[in-house]
Every structure is written in C-alpha cells, then in structure tokens.
Amino acid sequence: MVLGALTSSCAQKNEYNNADFSIRKATVTHHKAIGVTVWQIDVGGIAGNTTPEPIGQLDGATVLGYVFPTTLNPADVGFGNVKGMVALALTSHPDFDDTPLWDENNDRAFDNDGVVWHPHWVILVEDKRVSGGLRVKQFTEGDTAVVLPPTNPGMPMYMDSPGFPVTTDKETIRVVVPDYRINNQTNFKYDGVTALLKVNGSKDDLPLLGVYEVFSVASKDLSLPYSVTK
C-alpha cells in the first residue's frame, strides 16, 4: 500500500527533476573482509550535483534525497519496535543542519553543513495528505516509549544521523555502512528512489517531513526486488 502511494507521484515534474536524479541502477555490496556494505546509486547525470535552493527558513525548506527503501527491521538500525519501512536516505538541505555530531564540511562548525550530502536512517509510513504518499514517522515529544539511536538529531521523528561517509563521483553517489551498524544483516532486500521532501513547521494538517515528489525508482514499481551482492 505504501509503495503504491509512493510511485503514484513519479509522473510529476519540477525544477529538480533532471538527469541528476534519473536512476540507472541501485546496488548494495557486502565486503566481508572489512565488514561493511557499500550502498550505491548511479544516475544519468551527475550524482549530487543538484542541491536545493535555500529559502532562508526551516518551514517549507526543500530536502532532496537519494533513498534506499529496505526490508531491514527498525531495531536493526537502532530504533525500537515500531512499524514502518526502514530507509537509508542520502540528503541535501541548505536551510538547516540536522547532523549536530558531524562536521561534514570540516570547518569546525557543526551547524552549517546541511547542504553537504549526508545520510539519515528514517522510518517511512503512508500519508495521503502529501502528493508523494509518505512521511517520516513522527511521535509526541516526551514520549518515553520511543526508542531512538543515540546519534539521532533530536527531532520528534524516527530519524537518525549516523554519520556514515557519503561520496559522489561523476554519475555515482555512495555511502559506506559498517555491518555492526545494521545488526550484521546482509540478506535484506532494497530498492532505489530519488525524491523531494519538504519540511512543515506551521500547518497542523501536514506532516513535519513529507515526500512530495518522486523523480525515479530503480525497480520502476518499488517492489524492493534487489538483494545484497556478496
């Protein structure tokens, strides 16, 4: 149901829907000797070349993402027993910084590098209020039942800022994930998606972070058909 909702927005167009987000393939490769998986999306243009135009505020800010929806369990990446789809999102958003532990542009300031491509674990759930059909799962602040990884950015959403290294090289964007950070799971299924999300900080009838457009889907139907290559 969620996957069908997500693919329904693929036909939409906007200024960001260009070759830099046109997926040619998505791969996850396990390197047993060094205990990591390498997650990679190849596009028709230059991966990571297009970043959001800043608007100068958090409310309404655009987030662009190269996203890997997976069949991983939320507990595998540090969340509690919560329902939803685990996705690894490589994102850029110049209007805010949600990686307070990491200095991605290496300028010794930890709050000014949201535009640099960086990873997030998120839990996605269906939300028909937004055109992309999905949002990052939220919770009520102060809910003591919520379990988050210790590297979470302190927002009332099921989101983590794990600090994995993200690199871009011509048509490729990739991220390296240590095995122990995914509970040593290497037999999961996944897909590749490029999408536009927006932050909402003013409207009670919209999610805090929703998917508004999907540019490309590796499998075409978001069936998560791909297996980790050994």
Side-chain angles (χ1 to χ4, degrees), residues 6 9 12-23 39 41 43 45-69 77 85-107 109-125 127 129-138 148-149 151-168 173-175 192-203 206-216:
L6 182 53
S9 66
Q12 299 184 27
K13 302 289 183 184
N14 75 13
E15 60 183 308
Y16 298 116
N17 192 356
N18 59 45
D20 296 344
F21 295 104
S22 177
I23 297 177
W39 308 50
I41 287 178
V43 296
I46 302 174
N49 184 59
T50 300
T51 57
E53 289 292 328
I55 63 171
Q57 63 182 37
L58 180 61
D59 189 20
T62 294
V63 178
L64 293 175
Y66 297 86
V67 185
F68 297 86
V77 297
M85 178 185 292
V86 174
L88 182 58
L90 313 183
T91 67
S92 172
H93 41 74
D95 287 300
F96 63 102
D97 188 309
D98 53 7
T99 60
L101 296 177
W102 319 113
D103 178 18
E104 288 90 348
N105 61 5
N106 199 33
D107 67 350
F110 288 75
D111 60 356
N112 66 350
D113 40 26
V115 70
V116 179
W117 291 96
H118 59 277
H120 291 291
W121 289 116
V122 294
I123 303 297
L124 297 174
V125 293
D127 194 325
R129 296 173 297 173
V130 292
S131 53
L134 291 172
R135 63 177 167 88
V136 177
K137 189 179 181 73
Q138 297 168 219
L148 300 174
T151 47
N152 76 86
M155 299 177 174
M157 294 183 288
Y158 286 92
M159 174 187 289
D160 184 34
S161 301
F164 306 141
V166 176
T167 57
T168 57
I173 187 168
R174 60 172 61 91
V175 61
V193 176
T194 52
L196 180 151
L197 301 87
K198 282 189 177 292
V199 179
N200 164 54
S202 60
K203 299 178 181 178
L206 289 175
L208 181 57
L209 183 57
V211 178
Y212 284 80
E213 296 200 34
V214 175
F215 303 138
S216 184

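No hydrogens, no waters, no symmetry mates; every other heavy atom, side chains included, goes into these values.
Here OH of Tyr66 is found 14.5 Å from CG of Leu88. Values are rounded to the nearest 0.5 Å. Here OH of Tyr158 is found 15.5 Å from CG of Leu209. Values are rounded to the nearest 0.5 Å. Interatomic distance, Ile123 CD1 to Leu134 CG, rounded to the nearest 0.5 Å: 12.5 Å. Distance CG/Asn152 to NE2/His120: 11.0 Å, rounded to 0.5 Å. With rounding to the nearest 0.5 Å, the separation of CG in Asp160 from OG1 in Thr99 is 11.0 Å. Atoms OG1 and CD1, on Thr167 and Ile173 in that order, are 8.0 Å from each other to the nearest 0.5 Å.
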Under the criterion side-chain contact (heavy atoms from CB on, under 4.5 Å), I'd like the reasoning laid out for Leu64 against Phe215: C-alpha separation, chi angles, the key distance, then a yes or no.
CA-CA 10 Å; Leu64 293 175; Phe215 303 138; 4.0 Å; yes

Derivation of the side-chain hydrogen bond (donor to acceptor under 3.5 Å, both in side chains) call for Asp98 and His118
CA-CA 10 Å; Asp98 53 7; His118 59 277; 3.2 Å; yes

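A donor-acceptor pair is defined here as one N or O able to donate and one able to accept, closer than 3.5 Å; no such pair exists between the side chain of Asp20 and the backbone of Gly45. No donor-acceptor distance shorter than 3.5 angstrom exists from the side chain of Ser22 to the backbone of Val43, with no hydrogens or angles considered. In this structure, Ser216 contributes its side chain and Ile23 its backbone to a donor-acceptor pair below 3.5 Å. A donor-acceptor contact shorter than 3.5 Å links the side chain of Trp117 to the backbone of Gly48. A donor-acceptor contact shorter than 3.5 Å is absent between the side chain of Asp95 and the backbone of Ala61. Between the side chain of Asp103 and the main chain of Phe110, no donor-acceptor pair closer than 3.5 Å is present. Side-chain atoms of Asn200 come within 3.5 Å of backbone atoms of Lys203 as a donor-acceptor pair (strictly under, hydrogens ignored).
Residues Val63 and Val199 have side chains in contact (heavy-atom distance under 4.5 Å, counting atoms from C-beta outward). Counting only heavy atoms from C-beta outward, the side chains of Val67 and Leu90 never approach each other to under 4.5 Å.
Scanning both residues, Val77 and Pro149, for their nearest heavy atoms gives O-CG, 3.5 Å. Heavy-atom minimum distance, Lys198 versus Thr62: NZ-OG1, 2.9 Å. Residues Gly201 and Asp59 approach most closely at N-OD1, 2.8 Å, considering heavy atoms. Across all non-hydrogen atoms, the minimal contact from Asn105 to Asp107 is OD1-OD1, 2.8 Å. When every heavy atom of Arg129 is checked against every heavy atom of Leu206, the shortest pair comes out as NH1-N, 3.7 Å. Nearest heavy-atom pair, Ala87 versus Pro69, reported as atom, atom and distance to 0.1 Å: CB-CA, 4.0 Å.
Checked against the 6.0 Å centroid criterion, the rings of Trp39 and Phe164 do not qualify as a close aromatic pair.
Ring geometry for Phe96 versus His93: interplanar angle under 30°, hence parallel rather than tilted (30 to 60°).
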